[in-house]
Amino acid sequence: MSFVKALRCRECGHVYPIEALHVCEFCFGPLEVDYDYEGIAAHISRDTIEKGPGTIWRYRDLLPVESDEYVDLGAGWTPLVRARNLAKVLGIGELYIKNDTLNPTGSFKDRVVSVALSKAKELGFKVAACASTGNLANSVAAHAAWAGMESYVFVPSNLESAKVIATSVYGGTVVAIDGNYDDVNRLCAEIASEEPEWAFVNVNLRTYYSEGSKTLAYEVAEQLGWRFPDHVVVPVGSGSQLTKINKGFNELYKVGLVNDQPNVKVSGAQPTGCSPVASAFFSGAEFIKPQKPSTIAKSLAIGNPADGVYALDVVRKTGGGFGSVSDEEVIAGIRLLAQTEGIFAETAGGVTVATLKKLVEEQKISKDETVVCYITGNGQKTVEALAPSSEVTATIKPNLEQFSALLQDLRS
Amino acid sequence: MSVTVRIPTQLRPLTNGSPEIALQSGKLSAVLGELSGVYPELKSRIFDDEGKLRRFINVFVSDEDVRFLDGLDTEVADQSVVSIVPAVAGGI
């Protein structure tokens with residue numbers, strides 16, 4: 001059973017049945033899942049959640065799936081790490097890393113795909129598809145394999161090789177598009193019109209899919225002992241994740257799982273080479289001006305972000321900030337996190353850490369705040385970004401004298 | 001001198017189910033104007049009250065977002081394809 005009442009247009013309020021729909025037919029606004037929150041509040045408790053599975057499905061009452069037969073590779077319930085070393089370097093009192101590199105396919109996308117394909121099966125779809133910058137491709141291919149579904153994933157042709165390999169291994173069809181992510185995305189929106197039998201997780205199933213990101217908020221609050229952090233830093237590609245994290249905090253209060261009203265500042269992180277939302281934030285614009293991406297943070301290289309305006313709205317309303325960071329700062333951010341906390345993040349994580357650093361330097365984050373930094377993808381996927389600046393310290397013969405000489409050199 | 005306009009699923013009920021419409025080439029504003037002439041109900045779905053493209057609609061001419069071209073003033077050359085695509089899709 002679920003507590004979903006209907007789908008509702010976020011812009012004009014038009015109501016739709018619980019089907020594979022994502023866009024309002026009247027104003028083209030995005031559809032949102034409309035829940036019976038009173039019903040959830042009467043049914044849900046900290047105790048039942050704590051006794052639930054160690055995956056996102058411990059929050060099933062807050063997710064838009066009816067059936068108990070989830071497509072579940074084990075996404076979610078990733079560690080919230082107290083980052084004492086990084087906090088010391090940056091000068092923050094209480095800092096945590098939400099380490100979502102530890103999902104089944106190495107990124108937070110497993111959360112949204114687990115929800116999307118569970119719903120896809122429930123709605124009778126046999127084919128899973130997506131437009132992807134790589135992480136989503138990995139996750140859709142893996143979950144489709146587990147669920148016995150065919151898969152078609154569409155990626156930009158300049159994608160990191162690790163992301164291509166980690167998709168094709170699961171079988172399924174991988175189509176590289178000669179263009180950037182926005183081109184891939186536009187093509188997929190058109191294909192979705194022609195192939196209504198396909199479950200495009202981030203097109204016709206987007207309404208359900210994006211709800212999976214709320215679990216990033218639920219877990220953080222639960223792991224902090226059912227309290228909210230003061231400030232979160234979230235990477236921004238399409239802006240959906242940031243928007244849904246904010247929604248997740250609000251829902252916990254709405255259904256009575258956390259008693260205090262959330263007062264969480266939400267800050268966004270973008271690479272300068274693709275920063276349409278950050279640019280709008282800095283210029284005070286109400287709308288997002290699309291950008292042609294040029295950044296090593298390919299998972300954030302979305303120049304025409306679908307939820308950009310909503311992310312902008314959340315950051316402004318919650319009193320958060322924005323970071324726009326260079327490729328050099330991204331690499332430095334990846335190294336800083338790895339060398340202080342032993343966590344190897346992909347380039348998007350470098351963007352987030354670099355933004356965290358910047359916001360502290362700009363005093364947008366204060367020392368007395370409880371801060372959570374979302375690290376959403378594994379560094380093994382984007383090793384190419386570090387390859388030019390990564391070498392062995394030295395190469396020697398298998399000889400103890402050579403080693404002793406080297407050690408003396410290194411220590412002197 | 002003809003161009004093809006691709007209609008997304010959400011608008012096909014208003015074009016009697018047609019996924020593609022052939023129209024005269026010219027400025028994008030003229031092409032979409034002609035389209036609204038043939039299917040009057042489309043007009044208010046594509047344009048807002050001020051005659052601008054609606055916020056959640058993206059229009060592409062020969063695969064390029066018209067916001068990177070000249071917007072409604074973009075020239076749509078003979079044989080090219082205009083795609084109307086809902087903005088809300090993709091990514092996260």
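Reminder, nothing fancy here: chain letters follow the sequence lines and each chain counts from 1.
Put simply, the side chain of B/F56 reaches to within 4.5 Å of the side chain of A/P30, judged on heavy atoms.
Using a 4.5 Å cut-off between heavy atoms, A/K292 contacts chain B through both its backbone and its side chain. Heavy atoms of A/F26 lying under 4.5 Å from chain B belong to its backbone as well as its side chain. Residue contact with chain B, scored on non-hydrogen atoms closer than 4.5 Å, is absent for A/C130. Interface residue A/E11: only side-chain heavy atoms are found under 4.5 Å from chain B. Looking at A/F154, neither its backbone nor its side chain comes within 4.5 Å of chain B, counting heavy atoms on both sides.
More than 12 heavy-atom neighbours from other residues, nucleotides or ligands sit within 6.0 angstrom of CD on A/E194.
Residues passing the side-chain hydrogen bond (donor to acceptor under 3.5 Å, both in side chains) test with A/T133, sequence neighbours excluded: none. Scanning for salt bridge (Lys or Arg N to Asp or Glu O under 4.0 Å) contacts around A/E286 gives an empty result, with sequence neighbours left out.
Here B/N58 contributes atom CG and A/F28 contributes atom CZ; the two are 10.0 Å apart, rounded to the nearest 0.5 Å. Distance check: A/E190 CD to B/S83 OG gives 3.5 Å after rounding to the nearest 0.5 Å.
Across A/A306 and B/A87, no two heavy atoms sit closer than the pair CB-O, 3.8 Å.
The stretch residues 59-79 of chain B places B/F60, B/D63, B/E64, B/D65, B/R67, B/F68 near chain A, each with some heavy atom under 4.5 Å from a heavy atom of that chain. Within residues 5-35 of chain B, the residues having any heavy atom closer than 4.5 Å to a heavy atom of chain A are B/R6, B/P8, B/T9, B/Q10, B/L11, B/R12, listed by residue number.
One N or O on the side chain of B/R45 and one on the backbone of A/E25 form a donor-acceptor pair closer than 3.5 Å.
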